[in-house]
J.: 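Pasting in a structure now, in structure tokens, and then I'll have a few things to ask.
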Amino acid sequence: QVQLVESGGGLVQTGGSLRLACAASGRTSSTYGMGWFRQAPGKEREFVAAISWSSSSTYYADSVKGRFTISRDNAKNTVYLQMNSLKPEDTAVYYCAASRFFGMVYTTSYTYWGQGTQVTVSS
């Protein structure tokens, strides 16, 4: 089994930056792709970014492209999400997830999920 723990969320002003981290443990060899999702109150969970453990291949939602950067450190079993130029509409609980595949944008394609970390952007 794979366990995922997110950290790094908090309160930031519009235009500010945050760096989220997702620490993975357990049978990480069973996963190939990692993704970040976010969910605002009363809304569906939406895809943010994805990365492969075996390469630097990445994929981003149009809403965050050019502002967010996903990266990984295989030695630390950790995936990061650098968020710059934050906007109030970025406010949500951010979740990391693990999949057998890379680049999947659907929640149903991910087997393991973290408990989430709150990101709040004030204007």
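Below, all heavy atoms of this structure are taken into account, side chains as well, without hydrogens, waters or symmetry copies. Bear in mind that the values here come from a model prediction, so they are computed numbers and not experimental data.
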J.: Using a distance-only test with no angle check, is there a side-chain donor-acceptor pair under 3.5 angstrom linking Ser25 and Gln3?
T.: yes

J.: Please lay out, stage by stage, how Arg67 and Asp90 fare under the test side-chain contact (heavy atoms from CB on, under 4.5 Å).
T.: CA-CA 11 Å; Arg67 299 189 298 122; Asp90 294 319; 2.8 Å; yes

J.: Pair Phe68, Asn84 - check side-chain contact (heavy atoms from CB on, under 4.5 Å), show working.
T.: CA-CA 6 Å; Phe68 291 10; Asn84 299 325; over 6 Å; no

J.: With a 3.5 Å distance limit and no angle check, can you tell me whether Glu6 reaches the backbone of Cys96 through a side-chain donor-acceptor pair?
T.: yes

J.: So which heavy atom on Cys22 is nearest to which on Trp36, and how close?
T.: CB-CZ2, 3.7 Å

J.: Quick check on the hydrophobic clustering: are Met34 and Phe102 connected, directly or via other members, by side-chain heavy-atom contacts under 4.5 Å?
T.: no

J.: Hey, could you give me each pair passing side-chain hydrogen bond (donor to acceptor under 3.5 Å, both in side chains) that has a residue in residues 94-117? Not counting sequence neighbours.
T.: Arg38-Tyr94

J.: Any side-chain heavy-atom pair from Leu18 and Gln82 closer than 4.5 angstrom?
T.: no

J.: Looking only at heavy atoms, what is the nearest atom pair of Ala92 and Ala40, with distance?
T.: CB-N, 3.9 Å

J.: Please determine which of Glu44, Glu46, Arg45 meets the side-chain hydrogen bond (donor to acceptor under 3.5 Å, both in side chains) test together with Gln39.
T.: Arg45

J.: What is the distance from atom OG of Ser52 to atom CZ of Arg72, rounded to the nearest 0.5 Å?
T.: 7.0 Å

J.: Begin from the C-alpha positions of Phe47 and Phe37 and carry the test ring pair (Phe, Tyr, Trp, His ring centres under 6.0 Å) through to its verdict.
T.: CA-CA 5 Å; Phe47 171 79; Phe37 289 77; 5.7 Å; yes

J.: If you apply the rule side-chain contact (heavy atoms from CB on, under 4.5 Å), what do you find for Thr91 with Gln118, and how did you get there?
T.: CA-CA 8 Å; Thr91 296; Gln118 177 71 47; 4.0 Å; yes

J.: Show, in sequence, the C-alpha distance, side-chain angles and deciding distance for Val79 and Ser71, and conclude whether the side-chain contact (heavy atoms from CB on, under 4.5 Å) test is met.
T.: CA-CA 6 Å; Val79 176; Ser71 62; over 6 Å; no

J.: Does the side chain of Thr78 come under 3.5 Å of the side chain of Asp73 through a donor N or O and an acceptor N or O?
T.: no

J.: Does atom OH of Tyr60 have more than 12 heavy-atom neighbours from other groups under 6.0 Å away?
T.: yes

J.: What distance separates Asn77 CG from Thr28 OG1, expressed to the nearest 0.5 Å?
T.: 4.5 Å

J.: When you group the ILVMFWY residues by side-chain heavy-atom contacts below 4.5 Å and let the links chain together, are Trp53 and Phe101 in the same group?
T.: no

J.: Taking side chain as C-beta onward, heavy atoms only, is Tyr59 less than 4.5 Å from Ile51?
T.: no

J.: Test your reading of the model: is there a side-chain donor-acceptor pair from Ser55 to the backbone of Ser57, 3.5 Å cut-off?
T.: yes

J.: Do Arg19 and Tyr80 form a cation-pi contact, if we require the NZ or CZ to be under 6.0 Å from the six-membered ring centre and within 45 degrees of the ring's axis?
T.: yes

J.: Return the set of residues passing salt bridge (charged side-chain N to carboxylate O under 4.0 Å, His left out) with Lys65 (not counting sequence neighbours), or none when no residue passes.
T.: Asp62

J.: Applying a strict under-4.5 Å side-chain criterion to I, L, V, M, F, W and Y, I'd like to know whether Val12 and Leu81 cluster together.
T.: yes

J.: Between the main-chain N or O of Ser122 and the side-chain N or O of Thr14, is there a donor-acceptor pair closer than 3.5 Å?
T.: yes

